[in-house]
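A short worksheet on the structure shown next.
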Amino acid sequence: ASPMRRHEYLIAQLTARVVFLAPEVTAPLLFGTFALGVPIRGSLLAIAVVCTVGALAFGGLGLLLASRARTIEAISGLMNLVLVGISKYANPAINLNFAAADAQALQTLLLDPEVGAFKAENVRVLLDDQASRKNIVSALNTWLGARVKPQDSVLIFYSGHGALGNNNDAFWVTYDA
């Protein structure tokens, strides 16, 4: 709810979008032109019109979606996270120092309501001996497969050894490899 009338709120939203549009478009154009030597082809008026219409269209779409949804998940879907960190391997000769700590630190950061604000039930963490091939495949296929919808997003974080196979295919080295 807002203490503003509907039309005032809409005008404020659209005005803010147009005001911020100028630096958001000008900075990359100037950088591309002067730092990278990419010339601007066509009319600056045409660029301004396309950018303005695009910004207003996306702003209107955002307002429409926001006015219809009851939760943010209804708009953007759920964010599901699988975090894998392996410092201690079954073969101690390949142990690492900080891989598991990296995954734990990212988990702490993303679950913090002031930073990531992710829900704990949307996060799956596999550390050290939990990160076997069987458990990783289960987390990706079974756990994610049962919960992810087309509008949802998935973030997979892996911290551990990697290996190159035939044809330079890259693989994660699991705990039990």
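As a basis for the values below, the full set of heavy atoms in this structure was taken, side chains included, without hydrogen atoms, waters or symmetry mates.
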- Query: With no hydrogens and no angle check, is any side-chain donor or acceptor of Ser138 less than 3.5 Å from a backbone partner on Lys134?
  - Reply: no

- Message: Are the side chains of Asp102 and Phe157 in contact, using a 4.5 Å heavy-atom criterion?
- Response: yes

- Identify whether Ile156 and Phe171 are in the same connected component of the hydrophobic contact network (ILVMFWY, side-chain heavy atoms under 4.5 Å). no

Show the atom names and distances, to 0.1 Å, of all donor-acceptor pairs under 3.5 Å that link a side chain in residues 83-98 to residues at least two apart or in another chain.
unit_1: Ser87; atom_1: OG; unit_2: Ala99; atom_2: N; d: 3.1
unit_1: Ser87; atom_1: OG; unit_2: Ala100; atom_2: N; d: 2.8
unit_1: Tyr89; atom_1: OH; unit_2: His161; atom_2: N; d: 2.8
unit_1: Tyr89; atom_1: OH; unit_2: Val173; atom_2: O; d: 3.4
unit_1: Asn91; atom_1: OD1; unit_2: Ala93; atom_2: N; d: 3.0
unit_1: Asn95; atom_1: OD1; unit_2: Tyr89; atom_2: N; d: 2.7

- Rounded to the nearest 0.5 Å, how far apart are CG of Asp169 and CG of Asn166? 7.5 Å

- Message: Once side-chain hydrogen bond (donor to acceptor under 3.5 Å, both in side chains) is applied, do any residues pair with Arg147, and if so which ones, sequence neighbours excluded?
- Response: Asn80, Asn122

- Message: Does Arg124 form a side chain to side chain contact (heavy atoms under 4.5 Å, CB included) with Leu81? I'd like the steps, not just the answer.
- Response: CA-CA 6 Å; Arg124 185 67 172 263; Leu81 309 167; over 6 Å; no

- Query: Does any non-hydrogen side-chain atom of Ile136 lie less than 4.5 Å from one of Arg133?
  - Reply: no

- Joining Ile, Leu, Val, Met, Phe, Trp and Tyr whenever any side-chain heavy atoms lie under 4.5 Å apart, the cluster holding Phe31 also takes in Leu36, Val38

- Task: Give a yes or no on whether Tyr175 and Leu127 share a hydrophobic cluster (residues Ile, Leu, Val, Met, Phe, Trp, Tyr; joining criterion: side-chain heavy atoms under 4.5 Å apart).
- Result: no

- Task: Can you sort out the partners of Thr174 under side-chain hydrogen bond (donor to acceptor under 3.5 Å, both in side chains), two or more places apart, ordered by chain and number?
- Result: Asp176

Exercise answer: donor-acceptor pairs, residues 42-51 side-chain atoms, under 3.5 Å, sequence neighbours excluded:
unit_1: Ser43; atom_1: OG; unit_2: Leu45; atom_2: N; d: 3.0
unit_1: Ser43; atom_1: OG; unit_2: Ala46; atom_2: N; d: 3.2

- Item | Hydrophobic cluster identity match, Val25 and Leu56, side-chain contacts under 4.5 Å | no

Under 3.5 Å, side-chain donor or acceptor atoms of residues 10-24 against the rest of the protein: list the pairs with distances, not counting sequence neighbours.
unit_1: Gln13; atom_1: NE2; unit_2: Tyr9; atom_2: OH; d: 3.4
unit_1: Thr15; atom_1: OG1; unit_2: Ile11; atom_2: O; d: 2.7

- Item | Connected via hydrophobic side-chain network under 4.5 Å: Val148 and Leu126 | yes

- In terms of hydrophobic clustering (I, L, V, M, F, W, Y; side-chain heavy atoms under 4.5 Å; direct or indirect links), are Leu110 and Val82 co-clustered? no

